[in-house]
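Below: the structure, in structure tokens.
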Amino acid sequence: ISDIPIKIELSDAAISDGLKVFSGNNLTSEVSVIGNRIIVGQLSKSDIKVVARQANSITAPGNYTLELTAQKASNLTDYEFSSGVNPGFITVMVDRYKEVEFNVEDGIKYKSDPKYFAGSTVFSSPKVKISGPESEISKVNKIVAEAEISDVLEKTKNLTAPLIMYDSYGDVISNENIVLSVNYEDVTIPILSRKVLPITPVFKNNPEVINHSSGRVKLNPDSMEIAA
């Protein structure tokens with residue numbers, strides 16, 4: 001009998017303390033049985049329960065190796081287990097659950113034509129929430145949206161970029177136990193036309209000797225750059 005779910009049940013005290021199993025929950029197992037041909041022919045994975053009994057004694061976060069045992073779990077009982085559970089042992093991670101919110105940092109690499117102005121990168125989700133084991137969440141230092149554009153940009157660019165987690169040493173974190181609220185960002189890089197325009201003063205009620213073309217008038221700055 002194969003594909004039997006493995007039951008990992010912590011004690012009520014451990015659950016009240018915030019402990020949770022983060023790996024091992026989705027594992028399956030198999031056992032061999034022998035007995036009455038009619039009964040054995042009717043057996044399915046729902047008639048057998050595979051448990052890790054030692055899980056009930058876990059009281060602190062950590063990685064634990066647990067032994068598996070099989071039990072009869074239905075009215076079909078006229079058979080025996082002819083082998084142990086396969087696998088016989090599993091390793092599980094137990095920790096407290098934690099959520100943290102990060103600002104998404106800009107890791108988009110690109111070049112824009114000098115004739116144009118590149119505005120600030122816009123993300124569809126400026127903040128992202130991560131959740132998972134407390135010990136793993138505490139290692140995350142920043143989350144970056146990363147992509148590299150080979151073309152020189154002359155117009156607004158839209159793209160999708162993956163979110164990458166980094167620790168405080170600058171190393172990438174890849175951990176299946178950490179869940180992100182979003183894994184990809186829709187990114188917009190606004191590219192605007194730019195122009196430098198002179199600034200010209202306009203006087204009112206001024207003496208004729210002072211006008212915008214006279215050497216008596218000086219401006220600082222005397223030009224301004226606009227983008228649109």
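None of these values were measured; they are calculated from a predicted model. FYI, the numbering just counts along the sequence from 1. Values below: every heavy atom of this structure, side chains too, minus hydrogens, waters and symmetry copies.
Considering every non-hydrogen atom in both Leu219 and Pro201, the closest pair reads CD1-CD, 3.5 Å. Nearest heavy atom pair, residue Ser2 against residue Lys45, reads O-CB, 3.7 Å. The two residues Met165 and Ile178 come nearest to each other via the heavy atoms SD-CG2, 3.8 Å. Taking each heavy atom of Phe22 and Tyr97 in turn, the nearest pair found is CZ-CA, 3.9 Å. Of all heavy-atom pairs spanning Ser120 and Pro190, the tightest one is O-CD, 3.4 Å. Ala70 and Val31 get closest at one heavy-atom pair: CB-CG1, 3.9 Å.
Under the 4.5 Å side-chain heavy-atom criterion for grouping Ile, Leu, Val, Met, Phe, Trp and Tyr, Val196 is not connected to Met224 through any hydrophobic cluster. Note on Val144 and Val172: same hydrophobic cluster, where clusters join Ile, Leu, Val, Met, Phe, Trp and Tyr whose side-chain heavy atoms are under 4.5 Å apart, directly or indirectly. By the rule that hydrophobic residues join a cluster once side-chain heavy atoms approach within less than 4.5 Å of another member, Leu27 and Leu10 end up as members of one cluster. A continuous path of ILVMFWY side-chain contacts below 4.5 Å connects Leu180 to Val187, so both sit in one hydrophobic cluster. Grouping the Ile, Leu, Val, Met, Phe, Trp and Tyr side chains by contacts below 4.5 angstrom, directly or via other members, places Met93 apart from Phe89.
For OH of Tyr184, the number of neighbouring non-hydrogen atoms (other residues, nucleotides, ligands) closer than 6.0 Å is 12 at most. Summarising the local packing, CD of Glu225 is surrounded by more than 12 heavy atoms from other residues, nucleotides or ligands at distances under 6.0 Å. Around the NZ atom of Lys72, the shell of radius 6.0 Å holds more than 12 heavy atoms that belong to other residues, nucleotides or ligands. Surrounding CG of Asn26 are at most 12 heavy atoms belonging to other residues, nucleotides or ligands under 6.0 Å away. Remark: Leu192 CG is packed, more than 12 non-hydrogen atoms of other residues, nucleotides or ligands lying under 6.0 Å away. More than 12 heavy atoms of other shown residues, nucleotides or ligands fall within 6.0 angstrom of atom CZ in Phe81. Within a 6.0 Å radius of CD1 in Ile38, other residues, nucleotides and ligands contribute 12 heavy atoms or fewer.
Note that OG of Ser57 and CG of Leu66 are 8.0 Å apart. Values are rounded to the nearest 0.5 Å. Residue Asn177 holds its CG atom at 10.0 Å from NZ of Lys20, rounded to the nearest 0.5 Å. Here CZ of Phe123 is found 10.5 Å from CG of Asn103. Values are rounded to the nearest 0.5 Å. For the atom pair CG of Leu68 and CZ of Arg53, the computed distance is 11.0 Å after rounding to the nearest 0.5 Å. Taken from CD in Glu30 to CD1 in Ile1, the straight-line distance is 10.0 Å, to the nearest 0.5 Å. Distance check, rounded to the nearest 0.5 Å: CD1 of Ile143 to OG of Ser181 gives 8.0 Å.
Between Ile8 and Ile90 there is a side-chain heavy-atom pair separated by less than 4.5 Å. The shortest distance between side-chain heavy atoms of Val140 and Val100 does not fall below 4.5 Å. For the pair Asn158 and Thr188, the minimum side-chain heavy-atom distance is below 4.5 Å. Within the 4.5 Å cutoff, side-chain heavy atoms of Val21 are placed close to those of Val94. Between Ile34 and Val40 the shortest side-chain heavy-atom distance does not fall below 4.5 Å. Between Val51 and Gln71, the closest side-chain pair of non-hydrogen atoms falls below 4.5 Å. Residues Ile48 and Tyr79 are in side-chain contact: their nearest non-hydrogen atoms beyond the backbone lie under 4.5 Å apart.
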Intermediate values then yes/no, side chain to side chain contact (heavy atoms under 4.5 Å, CB included), Glu67 and Gln54: CA-CA 7 Å; Glu67 184 177 9; Gln54 297 153 309; 3.7 Å; yes
Criterion side chain to side chain contact (heavy atoms under 4.5 Å, CB included) on Tyr116 and Ser193, from CA distance to verdict: CA-CA 5 Å; Tyr116 297 88; Ser193 296; 3.9 Å; yes
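Screening Thr156, Asp106, Ile149 against Ile189 for a side chain to side chain contact (heavy atoms under 4.5 Å, CB included) leaves a single residue, Ile149. The only member of Lys142, Lys127, Glu185 that meets side chain to side chain contact (heavy atoms under 4.5 Å, CB included) when paired with Val104 is Glu185.
A donor-acceptor contact shorter than 3.5 Å is absent between the side chain of Asp78 and the backbone of Ile39. Side-chain atoms of Ser29 come within 3.5 Å of backbone N or O of Ile4 as a donor-acceptor pair. Using modelled atom types, one side-chain atom of Ser82 and one backbone atom of Ser32 make a donor-acceptor pair closer than 3.5 Å. With Asp17 contributing its side chain and Leu19 its backbone, the two residues share no donor-acceptor pair below 3.5 Å.
Side-chain atoms of Asn56 and Ser11 include no donor-acceptor pair closer than 3.5 Å. Side-chain contact annotation: Asn175 with Glu136, donor-acceptor N/O pair under 3.5 Å present.
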